[in-house]
Every structure is written in C-alpha cells, then in structure tokens.
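Some notes on the structure that comes next.
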Amino acid sequence: MMTTDTLTPVINLDDVELRDFADAEGRFSARVGSFGKVIGSSGIGCMLHVVEPGRKAFPFHAHHRIHEVFVVLEGEGVYRFGDERYPIRTGDVCAAPTGGADTAHQIANTGTTMLKYLGLSTTAETEVVEYPDSGKFAVSSRYDMSNPEAGGIRFVGRKEASLDYFEGEP
C-alpha cells in the first residue's frame, strides 16, 4: 500500500490506503482513501469510497467552496441531490456544485454488493459545509480530515449557538 509520504504521479486504485470512516451509531460507514496529495495533486482532491450495502458514507451536505464530481466504479445506489433522488450504477457520473440546500448531496448504497466510487473535487484551504437534515454547519481552515492531528481549525455547530461578535473581548 502507498502512504501519503510517497509521491508518484501514478497510482492504481488497488494501492490506495483505505481507512474506516464511520459514526458511533452506525448510520454512516465507509472505507475511504484520499490520494490526491500522493500523486502530487495540489488543486484537485481525489478520494476513493467503498460503501457496504445499506450504508451511506457521509450525511446529506452542501459545500460553499468545493465543487465535487463522483464517478461510480462498481455497484449501484441512489444519488440524493437537493430535493431529488437519482438511481446510479457503474459508469455514472454525478455533479455536486457549490451552493446551499438546493445542491446538497449524498450517495447511498441501495444495492446488494459493494458500492465503489471516486470523489474528485476542487480544493480550498477554507470551507463551509451545511447539513440541511440536521441544521448543522461545519467551518474549517487549513484542516485535513484525513489527518486531523496536522492542525488547522474545524468547528461543527448550529447558527442558534452563535456568539455576539464582541463576546468575551476585554
């Protein structure tokens, strides 16, 4: 397996190092591997997703800065986009432009075999992500989800918990 400290402009998807990504309740579960940096990409993010039947990798969400495209390599599922749901299968390509609830998106494996897809995206050091189903948002700057120990800032919250601009200032 290749690691992020090995740089080569070519990688086989079989060599992408996958890690478990799941919530404690088991609502979301996938094996994911980010490999853009491994192949020297600094402007395009690349991630392999492997999702078991009946699972979703991520909550329904919308990016404010990052555009994504998903390429289904194996399996079938449903692509939730805004208020619509689209059946997807091997060979399909799904767009996820920036925006709000109207461009929020999520992929679910509704098939009986593994769903494997690529997520390709623009990159941004600073990002805001909305989660319409739960009313949350996340803000991050210089934060790498695949390597949280590397530093940066990430905050997940709700608008109702916002502080006054001058709160706590001397």
Side-chain angles (χ1 to χ4, degrees), residues 1-6 8 10-39 41 44-64 66-99 101-124 127-138 140 143-150 154 156:
M1 296 245 170
M2 301 197 100
T3 61
T4 53
D5 56 355
T6 305
T8 178
V10 177
I11 190 170
N12 187 287
L13 292 178
D14 290 337
D15 295 327
V16 172
E17 186 175 322
L18 297 175
R19 64 182 174 86
D20 290 325
F21 184 80
D23 68 329
E25 292 82 25
R27 296 165 298 174
F28 305 96
S29 176
R31 301 218 7 102
V32 297
S34 182
F35 61 93
K37 291 178 184 174
V38 173
I39 60 174
S41 175
I44 298 174
C46 308
M47 184 177 280
L48 176 62
H49 306 78
V50 180
V51 184
E52 291 187 29
R55 301 289 186 177
K56 303 167 196 154
F58 301 97
F60 187 58
H61 65 282
H63 297 273
H64 284 210
I66 295 174
H67 297 259
E68 294 178 300
V69 171
F70 305 105
V71 180
V72 181
L73 303 173
E74 297 175 21
E76 60 185 50
V78 170
Y79 183 54
R80 182 178 172 198
F81 183 82
D83 293 332
E84 303 293 325
R85 286 178 170 72
Y86 301 89
I88 58 173
R89 61 183 172 85
T90 302
D92 285 342
V93 179
C94 310
T98 61
D102 59 326
T103 63
H105 53 278
Q106 179 183 57
I107 294 177
N109 183 346
T110 58
T112 58
T113 62
M114 287 291 192
L115 174 64
K116 186 185 280 189
Y117 62 95
L118 287 180
L120 307 171
S121 68
T122 56
T123 60
E127 172 67 302
V128 176
V129 180
E130 291 182 53
Y131 300 89
D133 288 346
S134 61
K136 295 183 306 201
F137 69 91
S140 61
Y143 180 82
D144 183 353
M145 246 175 77
S146 63
N147 185 13
E149 296 80 30
R154 183 166 190 247
V156 179

To the nearest 0.5 Å, atom CD1 of I11 lies from atom OG of S41 at 12.0 Å

When rounded to the nearest 0.5 angstrom, what distance separates OH in Y131 from CZ in F137? 11.0 Å

Please name all residues satisfying salt bridge (Lys or Arg N to Asp or Glu O under 4.0 Å) with K116, sequence neighbours left out, ordered by chain then number. E74

Qualifying side-chain hydrogen bond (donor to acceptor under 3.5 Å, both in side chains) pairs with a residue from residues 75-84, counting only residues at least two apart or across chains: R80-D133

Within-4.5 Å side-chain heavy-atom neighbours: L48 and L73: yes

Contacts of E25 meeting salt bridge (Lys or Arg N to Asp or Glu O under 4.0 Å) (sequence neighbours excluded), chain-then-number -> R27

Taken to the nearest 0.5 Å, the spacing of H49 NE2 from M114 CE works out to 14.5 Å

Taking all heavy atoms of A57 and all of Y117, pick out the closest pair and write down the distance. CB-OH, 3.7 Å

I'd like to check T122 versus I44 (side-chain heavy atoms, cut-off strictly below 4.5 Å). Are they in contact? no

Run the side-chain donor-acceptor check on residues 102-110: report pairs under 3.5 Å with partners two or more places apart or on a different chain.
from : atom 1 : to   : atom 2 : distance (Å)
D102 : OD1    : G100 : N      : 3.3
T103 : OG1    : P97  : O      : 3.4
T103 : OG1    : G99  : N      : 3.4
T103 : OG1    : G100 : O      : 3.2
H105 : ND1    : H61  : O      : 3.2
H105 : ND1    : T103 : O      : 3.2
H105 : NE2    : H61  : NE2    : 3.3
H105 : NE2    : E68  : OE1    : 2.6
Q106 : NE2    : F58  : O      : 2.9
N109 : OD1    : G111 : N      : 2.8
N109 : ND2    : V51  : O      : 2.8
N109 : ND2    : E52  : O      : 3.3
N109 : ND2    : T113 : O      : 2.9

Partners meeting side chain to side chain contact (heavy atoms under 4.5 Å, CB included) with D92 (sequence neighbours left out): V72, I88, R89

Measure across S121 and I66 and return the closest heavy-atom pair with its distance rounded to 0.1 Å. CB-CG2, 3.5 Å

Not counting sequence neighbours, which residues clear side chain to side chain contact (heavy atoms under 4.5 Å, CB included) with T98? List them please. H67

Closest heavy-atom pair and its distance - A96, F70: CB-CE1, 3.9 Å

How long is the straight-line distance from NZ of K37 back to SG of C46, given to the nearest 0.5 Å? 11.5 Å

First locate atom CZ of F35, then atom CG of N12, and finally report the distance between them rounded to the nearest 0.5 Å. 10.0 Å

Between T90 (side chain) and G75 (backbone), is there a donor-acceptor pair under 3.5 Å? yes

